Amino acid sequence: MRIATWNVNSVRARRDHMHAWLAAEQPDVVCLQETKVVDADFPHDAVAAAGYRAVVSGQKSYNGVAVLARGDLDLADPVTDLPGFDDPQRRYLAVTVGGLRVVNVYVPNGSAVGSDKYAYKLAWLAHLADHLAAALADHPRLLLTGDFNIAPADRDVHDPEAWRDQVLCSAPERAAFHALEALGLVDLFRALHPDDPGFSWWDYRLQAFRRDRGLRIDLVLVSAALLAHGRACRIDRTPRTWDKPSDHAPVVASFDLDG
DNA sequence: ATGGTCGTTGGACGA
């Protein structure tokens with residue numbers, strides 16, 4: 001079982017990239033973020049042409065998440081909202097697929113430390129942690145993935161000094177991330193690759209990708225029951241090299257669920 | 001140098 005996460009930065013602008021990458025990589029499940037499209041306009045035809053079906057939770061212009069699965073996999077029990085957190089922004093989509101509870105998140109960016117959006121980000125993360133404590137009790141095999149908009153530690157940052165206390169790297173954001181780890185969730189890429197920066201996002205500006213000035217903010221967290229089956233996790237930079245790319249690269253996690 | 005580049009829009013705003 002291979003599960004991917006990819007912030008596509010508009011599923012319509014990235015329609016051809018998405019189709020090409022699905023056809024080449026053929027993961028079993030793909031969690032998308034920043035689809036930026038209402039559900040009625042989601043490109044289900046492009047997804048189907050690659051052999052996938054999609055469950056979506058979108059909105060106009062901003063945010064939006066979707067979970068794709070290969071056509072032979074059932075997408076069951078979708079939930080589109082964080083329980084107890086009334087929020088019109090479409091950032092959360094949980095679904096059961098292949099015996100796993102897959103929770104796809106587009107964590108708020110936070111804009112700048114101290115801003116209203118930053119406060120919303122921390123509140124959103126606190127509600128996520130509260131919810132996951134209960135979800136983990138119901139679903140021992142749980143996978144939490146998406147664009148976390150947090151670089152968990154300095155080793156996830158190309159220039160830690162330049163990013164010190166900036167949004168995506170500030171101590172309160174990292175504390176919110178550690179609260180997720182305290183629930184028993186493990187950052188799979190970091191567990192398997194202690195010394196690889198594993199950048200997954202590069203700013204469009206100043207040729208950041210060419211200079212590899214990136215951050216690792218697209219993550220796959222797994223419960224203990226799932227960690228035992230984790231075999232690989234890699235960042236696929238290939239689509240980031242294509243013309244008119246998303247600013248994020250896909251991350252692919254592999255599991256041996258029979259082992 | 002307080003910039004820069006995208007996507008969605010149809011002028012800024014968000015990232």
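Because the structure is a prediction, the values reported are computed rather than measured. Per chain, numbering begins at 1; letters A, B, ... match sequence-line order.
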Qualifying residues under side-chain hydrogen bond (donor to acceptor under 3.5 Å, both in side chains), relative to A:N149, sequence neighbours excluded | none
With sequence neighbours left out, what residues match A:Y106 under side-chain hydrogen bond (donor to acceptor under 3.5 Å, both in side chains)?
-> A:E34
If we take the C1' atom in both B:dA12 and B:dA1, what is their distance in whole Å?
-> 23 Å
Whole-Å C1' distance, B:dA15 and B:dG4 | 13 Å
In whole angstroms, the gap separating C1' of B:dG14 from CH2 of A:W201 amounts to 13 Å
Whole-Å distance separating the CG atom of A:D116 from the C1' atom of B:dC13 = 15 Å
Pull out every protein N or O sitting under 3.5 Å from an N or O of nucleotides 4-7 of chain B, one pair per line with the distance.
| residue | atom | partner | partner atom | Å |
| --- | --- | --- | --- | --- |
| B:dG4 | N7 | A:R205 | NH1 | 3.2 |
| B:dG7 | OP1 | A:R14 | NH1 | 2.8 |
| B:dG7 | OP1 | A:R14 | NH2 | 3.2 |
| B:dG7 | O3' | A:S10 | OG | 3.2 |

Of all pairs that satisfy side-chain hydrogen bond (donor to acceptor under 3.5 Å, both in side chains), the ones with a partner from residues 160-169 of chain A, not counting sequence neighbours = A:D154-A:R164, A:H158-A:W163, A:E161-A:R164
Other cluster members, [X] - Ile/Leu/Val/Met/Phe/Trp/Tyr, side-chain contacts below 4.5 Å:
X: A:L206; value: none
X: A:Y62; value: none
X: A:Y204; value: none

Which of residues 149-165 of chain A have a heavy atom under 4.0 Å from DNA chain B?
-> none
Nucleic acid contacts of residues 105-113 of chain A, taken as heavy-atom distances under 4.0 Å to DNA chain B | A:Y106, A:N109
Residues in salt bridge (Lys or Arg N to Asp or Glu O under 4.0 Å) with A:D247, at least two apart?
-> none
Salt bridge (Lys or Arg N to Asp or Glu O under 4.0 Å) partners of A:D147, counting only residues at least two apart | none
Return a table of donor-acceptor pairs under 3.5 angstrom between the side chains of residues 179-186 of chain A and protein atoms on other chains or two or more places apart.
| residue | atom | partner | partner atom | Å |
| --- | --- | --- | --- | --- |
| A:E181 | OE1 | A:H178 | ND1 | 2.9 |

Using a 4.5 Å cut-off on heavy atoms from C-beta on, say whether the side chain of A:P27 contacts that of A:I3.
-> no
